[in-house]
Amino acid sequence: MHEIVDQQDWMRRGAVRHARNLLGKFLVRAGSSGTMARMITEVEAYDGERDLACHARAGRTARTETMYAAGGVWYVYLCYGVHEMLNLVVGPPDWPSAVLIRGVDGISGPGRLTKWLEIDRRLNGLAAEPASGLWIEDRGVRLPRSLVQATPRIGVSYAGPVWAAKPWRFMLAGSLLVSGRGRSWK
DNA sequence: TACTCGATCGGA
DNA sequence: CCGATCGAGTAA
């Protein structure tokens, strides 16, 4: 119980598989007001330059450089000039892929969760380990497959019909708290 | 250097 | 539905 997920694990396997597996894990934040841990309830996978919804679709740039790192570091960027978005980089080096943390127990929405957990771009590129103040723990929750629901990702219509339709958003089925404005995803 | 447009959210 | 708010990416 309460095992910190090892960086070796983040380097193996792809973003879609990691996204599913992150459901039920705990996001742990050691911040100015103590340590808080919440179960991850909603995520999205972004996988490689071929994925037209992924920031790395245009290749290596100053911003996407973090995504090319070996799995196990945080990728945090500013969205709409307002919201900090938290991603965990996964997979081997030079394959830009990450999992966007969209929701945790009691907090729905990627912008809200970073606000309440005091997460910003200062964490960009830092390891998902206690030393950085933000890490992932496996606390033994095992979710039945039937509880995991897959849908298309939110807000990525710019990616075109094929990539926007990929069912790479994973969430706990029946969860009352769902981000994306409750809209039917398009 | 001048644009455009977001992996969102809260309020009208 | 709309505005906030700013930096990355692109074109020039």
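Residue numbering restarts at 1 for every chain, and letters A, B, ... go by the order of the sequence lines.
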Q. Is the closest basic N to carboxylate O distance between A/R121 and A/E84 below 4.0 Å?
A. yes
Q. How far does the P atom of B/dC5 sit from the matching atom of C/dA12, given to the nearest Å?
A. 15 Å
**Q.** Pair A/R102 + A/E44, salt bridge at N-O below 4.0 Å
**A.** yes
Q) Closer than 4.0 Å, any side-chain N/O of A/T61 to the OP1 or OP2 of C/dA8? A) no
Q.
Under 4.0 Å, counting only non-hydrogen atoms across every strand here, what does A/A159 touch: a base, just sugar-phosphate, or nothing?
A. nothing
Q. Cation-pi between A/R153 and A/Y46: NZ/CZ under 6.0 Å from ring centre and within 45° of the ring axis?
A. yes
Q: Just call it for A/A58: base, sugar-phosphate, or nothing, with non-hydrogen atoms closer than 4.0 Å on any strand.
A: sugar-phosphate
**Q.** ring centroid sep under 5.5 Å plus plane angle under 30, A/Y46 with B/dA7
**A.** yes
Q | Whole-Å gap separating P (B/dG10) and CG (A/L113) | A | 12 Å
**Q.** Pairing nucleotide - C/dT5, Watson-Crick or G-U, each distance under 3.5 Å
**A.** none
Q.
If I pick the P atom on B/dA12 and the same atom on C/dT5, what distance separates them, to the nearest angstrom?
A. 15 Å
Q. Between A/Y68 and A/E49, does any side-chain donor sit less than 3.5 Å from a side-chain acceptor?
A. yes
Q: Write down the partner of B/dT1 under the Watson-Crick or G-U wobble criteria, each distance required to be under 3.5 Å.
A: C/dA11
(Q) Whether the side chain of A/H55 and the base of C/dA8 hold a donor-acceptor pair under 3.5 Å is what I'd like checked. (A) no
Q: Using whole Å, report how far CD1 of A/I154 lies from P of B/dC9.
A: 10 Å
Q) With a 4.0 Å cut-off on heavy atoms, is A/R57 in touch with a base, just the backbone sugar-phosphate, or nothing at all? A) nothing
Q.
What is the separation between atom CZ on A/R121 and atom C1' on C/dC6, rounded to the nearest whole Å?
A. 8 Å
Q: Measure the distance from CH2 on A/W163 to C1' on B/dA7 and round it to the nearest whole Å.
A: 15 Å
Q: Report the nucleotide, chosen from C/dG7, B/dG10, B/dA7, that has the shortest atom-to-atom distance to any side-chain atom of A/L78.
A: C/dG7
(Q) Taking 4.0 Å as the cut-off, does a side-chain nitrogen or oxygen of A/R169 come that near to OP1 or OP2 on B/dA7? (A) no
Q) Rounded to whole angstrom units, what separation is found between the CD atom of A/E84 and the C1' atom of B/dA7? A) 14 Å
Q) Taking atom P in both C/dG3 and B/dT4, what distance in whole Å separates the two? A) 16 Å
Q: Examine C/dC6: is either OP1 or OP2 under 4.0 Å from a nitrogen or oxygen in the side chain of A/Y80? Give yes or no.
A: no
Q: Kindly say if A/R63 contacts the phosphate of C/dG9, meaning a side-chain N or O under 4.0 Å from OP1 or OP2.
A: yes
**Q.** Protein-nucleotide distance (A/H83, atom NE2; C/dA8, atom C1'), rounded to Å
**A.** 17 Å
**Q.** Residue whose closest nucleotide on DNA chain B lies nearer the 5' end, A/K115 versus A/Y158
**A.** A/Y158
Q) Distance only, no hydrogens: is a donor on one side chain within 3.5 Å (strictly under) of an acceptor on the other, for A/W168 and A/D51? A) no
**Q.** Whole-Å distance separating the CE atom of A/M67 from the P atom of B/dA7
**A.** 11 Å
Q: Answer with yes or no whether the side chains of A/D105 and A/T41 bring together a donor and an acceptor at under 3.5 Å.
A: no
Q.
I need the CZ-C1' distance between A/R102 and B/dC9, as an integer number of Å.
A. 11 Å
